[in-house]
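This structure is a prediction, so every number in the text was calculated from the model and none was measured.
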Amino acid sequence: MSEDRTRGVALVTGASQGIGRAIAERLAREGWDLALVARRAEVLAEVIASLADSGVEAAAFPCDVADSSAVEETVHQVLERWGRIDALVNNAGISRDALLIRMKEEQWSQVLRTNLDGSYHFIRYVAPGMMKMRAGRIVNITSVIGQIGNAGQVNYAASKAGIIGLTLATARELAGRGITVNAVAPGFIETAMTQDLPESAVKELFERIPLRRLGQPEDVAALVSFLLSEDASYITGQVLNCDGGMVMG
């Protein structure tokens, strides 16, 4: 991070709702300038408006993270505006659930292209600038599903497991340039992805979570905030679970 400023520039993908929005709000309170990425410009505009009183500079960059050329152009625009990217949070993700034998190829490829390829694209285009600065923070949002699997989510599980591998390999490649790369693995968090769960499913989840509650987006945002801070300068190549104790061992 820069030594002559109290805040840096953070690029957050999937920033229009849920965990991504909570991360944006947390970082804004901490003084980060924000480049917020999502598909829908109108929803990003709502997030930007909600941050108006935070005292930071925030800008929306509509982008399909699965499109390499669109990501390259987005990173170029962010660098044109601020001249640097100090932190990257790869949060954008989708799910297209179906049992393996019924899953269409498009359901498989959509999830892999957005969740895994999207993270790869942003790291690929953001890392060179960080390497020149010899500093930077990268946090990839994976999932406990990438660690333990889940019936009906082979595509989602594969994409999130891939993000773990991407994190570990990238951490090794970039450590020599002073860049840390870590992953956060949320458990079941109360977001749009989980709000339609039937009551019976929620009850079953409670039985699997020692803390007996679903997580909140703010729980994940707090952990991301820590990993972007100077307090985490000696932490890299780690997968930190935020799951109420669901996955232990």
Side-chain angles (χ1 to χ4, degrees), residues 10-15 18-20 22-23 26-27 65 86-95 111-124 126-127 130 135-150 153-191 193-194 205 208-211 213-249:
L11 190 161
V12 181
T13 73
I19 291 173
I23 292 170
R26 174 73 181 235
L27 297 186
V65 303
D86 297 282
L88 167 65
V89 181
N90 280 312
N91 168 73
I94 62 172
S95 61
V111 171
L112 269 292
R113 288 178 62 240
T114 297
N115 299 3
L116 182 55
D117 291 0
S119 298
Y120 155 73
H121 294 322
F122 269 98
I123 294 173
R124 179 186 178 194
V126 168
M130 290 182 173
R137 299 278 192 274
I138 298 173
V139 177
N140 301 316
I141 306 300
T142 179
S143 169
V144 296
I145 301 305
Q147 298 171 317
I148 63 175
N150 197 38
Q153 291 191 303
V154 294
N155 48 3
Y156 188 77
S159 71
K160 293 301 186 176
I163 287 173
I164 292 174
L166 173 66
T167 298
L168 301 180
T170 306
R172 290 187 179 276
E173 290 190 13
L174 299 182
R177 296 300 184 97
I179 301 164
T180 66
V181 187
N182 293 289
V184 171
F188 286 92
I189 308 297
E190 287 194 77
T191 66
M193 277 191 180
T194 59
L205 287 176
R208 298 168 62 186
I209 301 171
L211 287 183
R213 69 173 177 88
L214 298 184
Q216 298 299 313
E218 292 76 17
D219 295 322
V220 182
L223 182 50
V224 171
S225 169
F226 167 69
L227 290 172
L228 299 187
S229 74
E230 290 300 325
D231 290 336
S233 64
Y234 200 55
I235 300 173
T236 196
Q238 303 302 308
V239 180
L240 282 70
N241 283 39
C242 185
D243 63 358
M246 180 180 172
V247 179
M248 294 188 184

For side-chain contact (heavy atoms from CB on, under 4.5 Å), just list the numbers for Y156 and N150, CA-CA rounded to whole Å, side-chain angles, deciding distance to a tenth of an Å, and then say yes or no.
-> CA-CA 9 Å; Y156 188 77; N150 197 38; over 6 Å; no
Mind running side-chain contact (heavy atoms from CB on, under 4.5 Å) on V224 and I19 for me, showing each step along the way?
-> CA-CA 10 Å; V224 171; I19 291 173; over 6 Å; no
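Side-chain N or O atoms of T13 include one that pairs as donor or acceptor with a backbone N or O of N91 at under 3.5 Å. The backbone N or O of R137 lies less than 3.5 Å from no partner atom in the side chain of D86, so there is not a single donor-acceptor pair. Proximity of a side-chain donor or acceptor of S225 to a complementary backbone N or O of A221 within less than 3.5 Å is not detected. Side-chain N or O atoms of Q147 include none that pairs as donor or acceptor with a backbone N or O of I145 at under 3.5 Å. Judged by distance alone, the side chain of T114 and the main-chain N or O of G93 form no donor-acceptor pair under 3.5 Å. With hydrogens and angles disregarded, a donor-acceptor distance shorter than 3.5 Å links the side chain of N182 to the backbone of G237. Remark: side-chain polar atoms of T142 are paired, donor with acceptor, to backbone N or O of K160 under 3.5 angstrom. Side-chain atoms of R26 do not come within 3.5 Å of backbone N or O of E218 as any donor-acceptor pair.
The minimum heavy-atom distance between V12 and G20, with the atom names listed, is CG1-O, 4.1 Å. Considering every non-hydrogen atom in both I141 and I163, the closest pair reads O-CD1, 3.8 Å. Scanning all heavy atoms of the two residues, the minimum distance from G146 to A161 falls at O-CB, 3.4 Å. Of all the heavy atoms in V184 and C242, the pair that sits closest is CG1-CB, 4.5 Å. Nearest heavy atoms, H121 versus V65: CD2-O, 3.2 Å. Taking both residues in full, the closest heavy atoms of A87 and L228 are given as CB-CD2, 3.9 Å, listed atom of the first, atom of the second, then distance.
Rounding to the nearest 0.5 Å gives a distance of 4.0 Å between CD1 of I148 and CE of M246. A distance of 10.0 Å separates CD of Q216 from OG1 of T191, quoted to the nearest 0.5 Å. Of the inter-residue distances, the one linking N155 atom CG with L116 atom CG reads 12.0 Å to the nearest 0.5 angstrom. For the atom pair CG (L240) and CG (L227), the distance works out to 5.5 Å, reported to the nearest 0.5 Å. Summarising the geometry, atom CD1 belonging to I235 is positioned 8.0 Å from atom OG belonging to S229; distances are rounded to the nearest 0.5 Å.
The closest side-chain donor-acceptor pair between N140 and S119, if any, does not fall under 3.5 angstrom.
Put simply, the side chain of T180 does not reach to within 4.5 Å of the side chain of S233, judged on heavy atoms. A heavy-atom distance below 4.5 Å is found between the side chains of L214 and I209.
With sequence neighbours left out, the side chain to side chain donor-acceptor pair (under 3.5 Å) criterion links E173 to no other residue.
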